[in-house]
Amino acid sequence: MRIITLNANGIRSAARKGFFDWLKQQDADVVCIQETKAQEHQLGDETFWPQGYFTYYHDAEKKGYSGVALFCRSEPDRIITGLGSEEFDQEGRYIEAQFGKLSVISLYLPSGSSSEERQAAKFRFMDLFLDHMRALRRKRREYIVCGDWNIAHKPIDLKNWKSNQKNSGFLPEERAWLDTLFDELGWVDAFRVVNTEPDQYTWWSNRGQAWAKNVGWRLDYQVVSPGLRDKIRSASIYTEQRFSDHAPLSMDYDLPFPPDL
DNA sequence: CGTAATACG
């Protein structure tokens with residue numbers, strides 16, 4: 001089973017840069033997109049409903065903002081949109097597809113980099129989402145939570161960790177939140193199970209020479225329930241592609257699709 | 001600086 005996640009920074013922009021042509025060659029079972037920055041009525045072109053996939057969008061109410069999507073090679077038993085939050089469900093940040101006992105989720109955690117107000121919103125979402133992840137752990141299901149988590153976990157996960165300790169995305173509170181998720185709740189950062197190398201980034205600033213100098217951050221994760229830990233086979237970050245300021249993260253699991261859990 | 005709309009990341 002192959003799962004791909006990408007923050008598209010505009011699904012229409014990514015399409016113009018060849019994302020859907022690339023995707024055809026990837027043999028993905030589920031594709032998780034964040035920052036579609038479009039509403040469904042703007043995505044009439046068949047490009048945005050790829051052949052061979054069941055496609056689901058969860059848009060923000062605000063035009064050109066946020067939004068997540070799922071492309072699924074087999075039809076899910078159920079789709080869940082949103083977390084039951086008045087504040088965040090209108091921002092299009094969560095969509096879950098259920099296939100038997102497996103759920104695959106596309107998540108877009110708020111960025112806090114634009115203002116203190118947005119950082120406060122990010123912390124509110126983190127509170128809400130940690131409770132959600134606690135609730136998921138009590139279910140008799142397995143989960144793959146894909147997306148842009150907007151937090152680098154450890155110094156190995158960004159180039160300039162020393163100078164970024166006061167910046168959104170590498171704040172001590174944000175890092176501790178991921179510690180809680182992984183160490184206390186038992187969720188697994190699947191990429192790090194199969195790749196412990198430095199310089200494995202999924203996002204680069206558009207400013208300066210960040211891309212050319214590989215001054216990046218690892219913000220995009222596939223976070224899996226503990227029962228899937230020994231099913232994680234391999235991970236690839238497609239840094240050659242420039243569909244977005246993020247790179248696609250593709251992971252292979254030792255499971256058929258649809259899963260036989 | 002890029003995407004998409006005059007804000008947000």
Side-chain angles (χ1 to χ4, degrees), chain A residues 5-23 32-45 47-48 57-69 85 87-94 106-126 129 146-153 157-161 163-171 173-175 177-178 201-221 237-249:
Chain A
T5 184
L6 172 70
N7 179 318
N9 191 22
I11 191 84
R12 290 168 288 180
S13 167
R16 288 192 293 271
K17 295 172 180 173
F19 171 65
F20 285 97
D21 296 322
W22 174 82
L23 192 59
C32 303
I33 304 292
Q34 304 84 40
E35 285 208 271
T36 53
K37 294 191 171 190
Q39 294 171 332
E40 226 173 289
H41 65 81
Q42 299 172 301
L43 302 177
D45 193 285
T47 305
F48 303 107
Y57 287 94
H58 182 223
D59 301 335
E61 289 175 17
K62 186 191 294 194
K63 287 192 83 171
Y65 179 69
S66 187
V68 290
S85 156
E87 177 179 12
F88 293 110
D89 290 355
Q90 62 180 338
E91 295 187 350
R93 297 187 177 278
Y94 182 94
S106 180
L107 167 76
Y108 178 42
L109 200 143
S111 168
S113 62
S114 60
S115 67
E116 279 308 310
E117 288 71 26
R118 288 313 294 165
Q119 183 63 43
K122 183 178 185 179
F123 284 135
R124 284 197 298 280
F125 186 95
M126 287 161 60
F129 198 65
C146 295
D148 179 357
W149 293 70
N150 263 313
I151 302 170
H153 187 204
D157 295 316
L158 68 169
K159 183 72 86 180
N160 294 321
W161 71 270
S163 55
N164 277 302
Q165 294 177 98
K166 293 187 173 179
N167 290 341
S168 180
F170 199 62
L171 298 173
E173 305 94 309
E174 297 174 331
R175 299 178 57 199
W177 182 83
L178 284 181
Y201 308 132
T202 65
W203 177 80
W204 299 260
S205 169
N206 283 310
R207 296 172 207 188
Q209 299 291 303
W211 169 257
K213 294 153 87 171
N214 197 25
V215 178
W217 300 50
R218 192 172 71 97
L219 301 178
D220 302 272
Y221 305 137
I237 299 173
Y238 286 84
T239 50
E240 306 314 308
Q241 307 305 330
R242 297 260 65 200
F243 308 127
S244 163
D245 47 2
H246 293 246
L249 168 63

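These numbers were taken from a predicted model, which means no experiment stands behind them. Order of the sequence lines fixes the chain letters, A, B, ..., with proteins taken first and strands second; residue numbering starts at 1 for each chain.
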> Taking atom types as modelled and ignoring hydrogens, do the side chains of Thr202(A) and Asp220(A) form a donor-acceptor contact shorter than 3.5 angstrom?
Replying inline: yes
>> Students often get this wrong, so: under 4.0 angstrom with heavy atoms, is Gln42(A) touching a base, only sugar-phosphate, or nothing?
In response: sugar-phosphate
> Rounded to whole angstrom units, what separation is found between the CD atom of Glu35(A) and the P atom of dA4(B)?
Replying inline: 10 Å
> Tyr238(A) and side-chain contact (heavy atoms from CB on, under 4.5 Å): which partner among Gln241(A), Arg242(A), Glu240(A)?
Replying inline: Gln241(A)
> Say you draw a straight line from CG of Leu219(A) to CH2 of Trp204(A); how long is it, rounded to the nearest 0.5 Å?
Replying inline: 9.5 Å
> Honestly, is Arg218(A) close enough over Trp203(A), meaning NZ or CZ under 6.0 Å from the six-membered ring centre and within 45° of the axis?
Replying inline: no
>> At less than 4.0 Å, is any side-chain N or O atom of Ser113(A) found next to OP1 or OP2 of dG9(B)? Yes or no.
In response: no
> Can you tell me how far C1' of dA5(B) sits from NZ of Lys63(A), to the nearest Å?
Replying inline: 8 Å
>> Pick the closest DNA chain B nucleotide for Ala38(A) and for Tyr108(A) by heavy atoms, then say which residue is nearer the 5' end.
In response: Ala38(A)
> With a non-hydrogen cut-off below 4.0 angstrom, is Arg16(A) in contact with a base, only sugar-phosphate, or nothing?
Replying inline: sugar-phosphate
> Toward the 5' end of DNA chain B, which comes first, Asn7(A) or Lys37(A), by nearest nucleotide?
Replying inline: Lys37(A)
> Within less than 4.0 Å of OP1 or OP2 of dC1(B), is there a side-chain N or O belonging to Gln209(A)?
Replying inline: no
> Atom CD of Glu61(A) and atom P of dA5(B): how far apart are they, to the nearest Å?
Replying inline: 15 Å
>> Side-chain N or O of Tyr65(A) versus OP1/OP2 of dG9(B): is the shortest distance under 4.0 Å?
In response: yes
>> One thing to verify: whether Lys122(A) and Glu174(A) come together as a salt bridge, which I'm taking to mean a side-chain N less than 4.0 angstrom from a carboxylate O.
In response: yes
>> In this structure, how many angstroms lie between the C1' atom of dC1(B) and the CG atom of Asn206(A), rounded?
In response: 5 Å
> Looking at Lys17(A), does any N or O in its side chain come under 4.0 Å of the phosphate oxygens OP1/OP2 on dT3(B)?
Replying inline: yes
>> Just the rounded figure in Å: distance from C1' of dA4(B) to CD of Gln39(A).
In response: 12 Å
>> How many whole angstroms separate atom CZ of Phe243(A) from atom C1' of dG2(B)?
In response: 17 Å
> In whole angstroms, how far is the P atom of dG9(B) from the CD atom of Glu116(A)?
Replying inline: 13 Å
